[in-house]
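Take a look at the structure below.
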Amino acid sequence: MTIDTAKLDNSVRVRFPPSPTGDPHIGLVRSALFNYAFARHYGGKLVLRIEDTDAARNTEASYRAILDTLRWAGIEWDEGPEVGGEYGPYRQSERGEIYADLAAQLRESGKAYPCYCTAAELDAARERAKAEKRAPGYEGTCRNLTAEQIAAYEAEGRTHVLRFRMPENRTIAWDDVVRGEISFESANVPDYVLVRADGSPLYTLVNPVDDALMGITHVLRGEDLLSSTPRQIPLHETLVELGVSKQVPQFGHLPFVLGEGNKKLSKRDPEASFSYYPRTGYLPEGLINYLALLGWSLGNDEEIFGIDEMVAAFDGTRISANPARFDPKKCEAVNGVHLRKLETEDLAKRILPFLDREGLLLGGAEGHLANDEEWRTLVAAVPLIRERMTVLSEAIGMLGFLYTGDGSDARHAFQLNEDDAAKVLTADAWPVLAAATAALDSLAEDAWTTSAIDEALRTALIEGLGLKPKNAFTPVRVAVTGRRVSPPLFESIELLGRERTLARLRAADAKARAAA
RNA sequence: GGCCCCUUCGUCUAGCGGCCUAGGACACCGCCCUUUCAAGGCGGCGGCGCGGGUUCGAAUCCCGUAGGGGCUACCA
């Protein structure tokens with residue numbers, strides 16, 4: 001690849017043009033990220049433009065979701081909806097007059113022409129071409145209609161679309177930012193429709209037109225649009241001739257993000273939908289980092305980095321051309337690394353909404369999710385679980401035992417995990433539980449510290465009963481936390497407090513005795 | 001079918017003619033640490049699609065071939 005260095009300064013203008021249809025896809029975020037990083041790297045601008053010319057498929061909900069998604073990811077746009085800019089409006093549905101005007105200019109200049117072919121005629125031609133093993137594109141039937149023919153069609157009541165007149169006998173080539181030299185023969189690129197019969201403009205017109213009008217210098221987009229580039233370049237060239245814009249942008253085609261199998265990540269894959277990530281408790285830092293790795297790398301062996309480091313290094317030269325498979329495991333692992341790097345209070349703040357979502361918090365004054373005690377507990381617990389989680393939602397299972405009571409207040413009542421209890425709180429567990437209860441009961445409230453708890457339990461169970469640590473502590477762990485897997489036991493017991501700990505131990509003891 | 005793109009461990013990648021006995025990360029497997037689970041440390045498994053060239057020398061360049069993918073709409 002080569003990048004036109006003349007343009008590599010603060011005049012770089014890139015754009016991200018989503019169509020607001022359906023739930024934002026994870027590929028959308030990556031595409032936005034690459035454009036963002038490219039713009040920032042060169043001190044240029046990122047334009048967010050909403051491509052909502054397909055009225056039948058666009059939804060306001062999807063539009064909102066796209067803005068929310070970008071904001072969550074920390075991808076800020078310099079121009080676009082809710083931000084403004086001198087090239088607005090930035091929703092194509094509000095730019096109808098501009099397109100109508102350009103379409104008229106294109107037609108007047110002869111660069112585009114009316115086509116009166118009916119759908120049936122085009123279908124027939126396509127079938128014929130297929131049968132004869134020729135390329136199935138539009139054959140240029142209406143390319144050179146005379147005024148009389150047009151009048152005749154009009155008299156017949158036929159409607160027309162507007163087609164772009166592709167240049168003849170030309171090699172259309174460009175130096176792709178990602179792939180280097182790419183070329184198509186114009187003979188293989190049929191004249192294409194710019195404006196529907198009802199007068200509404202198509203993507204084929206509005207996308208290049210807006211790129212031109214908005215002064216876009218670099219178009220970084222998905223590989224699926226590679227084959228639309230040879231038809232857009234001649235259009236861009238005529239827009240320059242028409243004085244609408246100053247340059248044909250440079251193009252770069254990003255590799256696909258693939259899902260299971262070898263197909264594009266589809267809506268079916270749960271990890272394809274962006275909303276899965278915030279909901280599951282991925283950090284923006286983690287997702288962004290992983291996404292950056294899909295088709296790009298720092299070039300050294302560093303794989304963990306923040307968006308600012310990406311921006312610093314993202315000059316467009318290291319984008320890979322081959323499709324990348326989305327690996328949920330690695331995404332999670334990368335997220336885990338970022339999670340572990342967070343300051344305790346920061347991580348606690350991010351966990352809070354997840355505990356709240358499960359109804360585990362009584363809540364505090366003034367709309368705080370947690371009351372003071374709940375917050376203090378969380379801040380104390382975070383260091384215990386930080387290294388045991390990769391996504392925030394895991395905190396729910398690990399900390400739930402701290403945020404449950406005996407059923408006497410608004411909190412959920414503590415519950416044992418049935419499986420774990422059945423396996424561990426068996427007949428032979430009661431002596432262990434009884435000994436643990438006695439040992440802890442002898443600890444005064446003001447002696448209720450991790451080290452004292454540690455010592456008391458070791459003395460009673462390891463030395464006293466001669467148990468292996470695993471056999472000694474597992475029943476206690478299940479009794480107190482409800483599960484076989486928990487944060488470190490002694491710290492957990494300290495955080496839980498004397499009263500709740502002893503109550504849970506006694507309840508478990510009783511349960512085990514009942515089994516005996 | 002036509003046009004176009006892609007091809008290094010299972011996955012993401014480093015590699016741009018000698019530094020490659022192909023490096024890293026995730027995953028997987030062992031060991032260590034250890035009150036569970038993790039995290040961490042150490043080690044292991046595992047790859048240049050194939051065939052021809054070019055060259056003293058090729059994962060790197062060229063050609064072919066195979067495989068994968070995209071486009072082929074009055075969707076974007």
Side-chain angles (χ1 to χ4, degrees), chain A residues 17-19 21 51-54 56-58 115 117 119 122 126 129-138 159-163 176 178-179 182-185 187-190 192-198 200-204 206-207 222-230 253 255-256 258 262-264 290 293-304 318 320-334 336-337 340 384-390 394 398 420 424 454 457-458 461-462 468-474 476-478 481 483-490 492:
Chain A
S19 291
T21 58
E51 307 229 325
D52 52 356
T53 52
D54 187 356
R57 298 186 359 185
N58 299 313
C115 167
C117 294
L122 294 173
R126 227 188 321 273
K130 266 192 163 171
E132 294 167 21
K133 296 194 189 300
R134 290 175 297 132
Y138 180 70
T159 57
H160 70 271
V161 298
L162 187 68
R163 276 185 196 275
D176 197 276
V178 177
R179 290 149 213 274
I182 295 180
S183 66
F184 287 75
E185 289 308 316
N188 292 321
V189 187
Y192 57 95
V193 179
L194 297 169
V195 179
R196 294 184 178 92
D198 68 3
S200 62
L202 283 162
Y203 160 83
T204 51
V206 300
N207 179 277
E223 183 183 348
D224 48 336
L225 291 167
L226 186 63
S227 45
S228 79
T229 300
H253 297 272
F256 284 125
L258 307 174
N262 247 345
K263 298 168 284 34
K264 283 179 73 174
Y290 179 66
L293 255 16
L294 255 24
W296 184 74
S297 67
L298 239 29
N300 49 30
D301 287 337
E302 288 298 316
E303 288 199 317
I304 300 299
R318 303 193 52 81
S320 160
N322 43 328
R325 183 97 105 255
F326 189 95
D327 182 354
K329 285 260 187 53
K330 178 144 185 176
C331 184
E332 215 181 284
V334 169
V337 175
R340 268 166 251 134
L384 307 179
I385 62 169
R386 176 188 276 127
E387 284 167 0
R388 284 161 235 270
M389 55 196 287
T390 55
E394 288 172 301
M398 281 186 288
D420 290 349
V424 175
D454 183 338
L457 288 177
R458 275 182 204 283
L461 308 180
I462 311 290
K468 286 182 184 165
K470 184 175 182 173
N471 297 329
F473 299 130
T474 300
V476 178
R477 186 185 302 283
V478 172
T481 71
R483 313 170 150 223
R484 276 187 295 177
V485 173
S486 80
L489 220 213
F490 314 128
S492 294

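Worth knowing before you read on, the calculation uses all heavy atoms, side chains too, and leaves out hydrogens, waters and symmetry mates. All values derive from a computational prediction rather than experimental measurement. Note on naming: letters A, B, ... go to the chains in the order of the sequence lines (proteins, then strands), and numbering restarts at 1 for each one.
- When atom types are taken as modelled, the side chain of A:D420 and the backbone of A:R484 share a donor-acceptor pair closer than 3.5 angstrom.
- With hydrogens and angles disregarded, a donor-acceptor distance shorter than 3.5 Å links the side chain of A:Y290 to the backbone of A:D327.
- Counting only heavy atoms from C-beta outward, the side chains of A:L461 and A:V476 approach each other to under 4.5 Å.
- Between A:S486 and B:U36, a side-chain N or O to OP1/OP2 separation shorter than 4.0 Å is absent.
- Counting any heavy atom pair closer than 4.0 Å across all strands shown, A:P190 reaches no nucleic acid atom.
- Regarding A:E302, its CD atom lies at a distance of 12 Å from the P atom of B:C26, rounded to whole Å.
- Taking for each of A:E185 and A:S228 the nucleotide of RNA chain B with the nearest heavy atom, the 5'-most of the two is the partner of A:E185.
- Considering only side-chain N and O atoms, A:R386 lies nowhere under 4.0 angstrom from the phosphate OP1 or OP2 of B:A38.
- The base-pairing partner of B:C45, taking Watson-Crick or G-U wobble contacts with both distances under 3.5 Å, does not exist among the strands shown.
- Checked by atom type and distance alone, the side chain of A:E302 never pairs as donor or acceptor with a backbone atom of A:L298 at under 3.5 Å.
- Applying the side-chain hydrogen bond (donor to acceptor under 3.5 Å, both in side chains) test to A:S228 and every residue at least two apart in sequence or in another chain returns nothing.
- Following rounding to the nearest Å, A:L226 (CG) and B:C6 (C1') show an atom-to-atom distance of 11 Å.
- When Watson-Crick and G-U wobble pairs are counted only if both distances are under 3.5 Å, B:C26 pairs with B:G10.
- Looking at the side chain of A:R57, the nearest of the listed nucleotides B:C6, B:C75, B:C12 is B:C75.
- Not one side-chain nitrogen or oxygen of A:R325 sits closer than 4.0 Å to the OP1 or OP2 atom of B:U13.
- Distances shown here put every side-chain N or O of A:T159 at or beyond 4.0 Å from the OP1 or OP2 atom of B:C74.
- The aromatic ring centres of A:F473 and A:F490 sit less than 6.0 Å apart.
- Between the side chain of A:N58 and the backbone N or O of A:T21, no donor-acceptor pair lies under 3.5 Å.
- Listed pair A:R318 / B:C16 fails the phosphate criterion, with no side-chain N or O lying under 4.0 Å from OP1 or OP2.
- In the set B:A73, B:C5, B:A76, B:A76 carries the atom at the smallest distance from any side-chain atom of A:Y203.
- In this structure, the nucleotide among B:U35, B:U13, B:C75 sitting nearest to the side chain of A:S297 is B:U13.
- B:C16 makes up no base pair with any nucleotide shown, lacking Watson-Crick or G-U wobble contacts both under 3.5 Å.
- Minimum atom distance to the side chain of A:N322 is reached by B:U13, of the listed B:U35, B:U13, B:C74.
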Letter per nucleotide, 5' to 3', of nucleotides 18-23 of chain B [B base touched, S only sugar-phosphate touched, - untouched; heavy atoms, 4.0 Å]: -----B

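- A cation-pi arrangement, defined by a distance under 6.0 Å to the six-membered ring centre and an angle within 45 degrees of its axis, is absent between A:R163 and A:Y192.
- Using a 4.0 Å heavy-atom distance criterion, A:L225 is classed as a base contact.
- The side chain of A:R388 lies closest to B:U36 when the candidates are B:A76, B:U36, B:G70.
- Base pairing of B:G51: its partner is B:C63, meeting the Watson-Crick or G-U wobble criterion (both donor-acceptor distances under 3.5 Å).
- Side-chain proximity of A:F184 to the nucleotides B:C3, B:C12, B:U8 is greatest for B:C3.
- Minimum atom distance to the side chain of A:S227 is reached by B:G70, of the listed B:G70, B:C12, B:C37.
- Listed candidates were B:A27, B:U36, B:A76. Nearest to the side chain of A:A333 is B:A27.
- Looking only at atom types and distance, the side chain of A:S200 has a donor-acceptor partner in the side chain of A:R196 under 3.5 Å away.
- Phosphate proximity of B:A76 to A:N58: absent, as no side-chain N or O sits under 4.0 Å from OP1 or OP2.
- Pairing partner, B:G1: B:U72, with both Watson-Crick or wobble hydrogen-bond distances short of 3.5 Å.
- For A:A321, whose side chain is taken as the heavy atoms from C-beta onward, the closest listed nucleotide among B:C6, B:U35, B:A76 is B:C6.
- Counting atom types as modelled, A:K330 pairs a side-chain N or O with a base atom of B:A25 as donor and acceptor under 3.5 Å.
- Using the Watson-Crick or G-U wobble rule with both distances under 3.5 Å, B:A58 pairs with nothing in any strand shown.
- The CG atom of A:D420 sits 12 Å away from the P atom of B:C37 (whole-angstrom rounding).
- The distance between atom NE2 of A:H253 and atom P of B:C5, rounded to the nearest whole Å, is 11 Å.
- Comparing B:A76, B:C6, B:C4 against the side chain of A:R196 picks out B:A76 as the nearest.
- Contact annotation for A:V193: backbone-only contact, meaning every heavy-atom pair under 4.0 Å involves sugar-phosphate atoms and none involves a base.
- Side-chain contact annotation: A:S19 with A:E51, donor-acceptor N/O pair under 3.5 Å absent.
- A:E223 contributes no side-chain N or O that forms a donor-acceptor pair with the base of B:G70 under 3.5 Å.
- A donor-acceptor contact under 3.5 Å is formed by the side chain of A:R477 with the base of B:U35.
- Put simply, CG on A:N188 is 16 Å from P on B:G1, counting in whole angstrom units.
- Taking atom CZ of residue A:F326 and atom C1' of nucleotide B:U13, one finds them 16 Å apart after rounding to whole Å.
- One can place CG of A:L384 at 15 Å from P of B:U36, the figure rounded to the nearest angstrom.
- Atom CZ of A:R179 and atom C1' of B:U7 are 12 Å apart (whole Å).
- Note on A:R458: a side-chain N or O is less than 4.0 Å away from OP1 or OP2 of B:U35.
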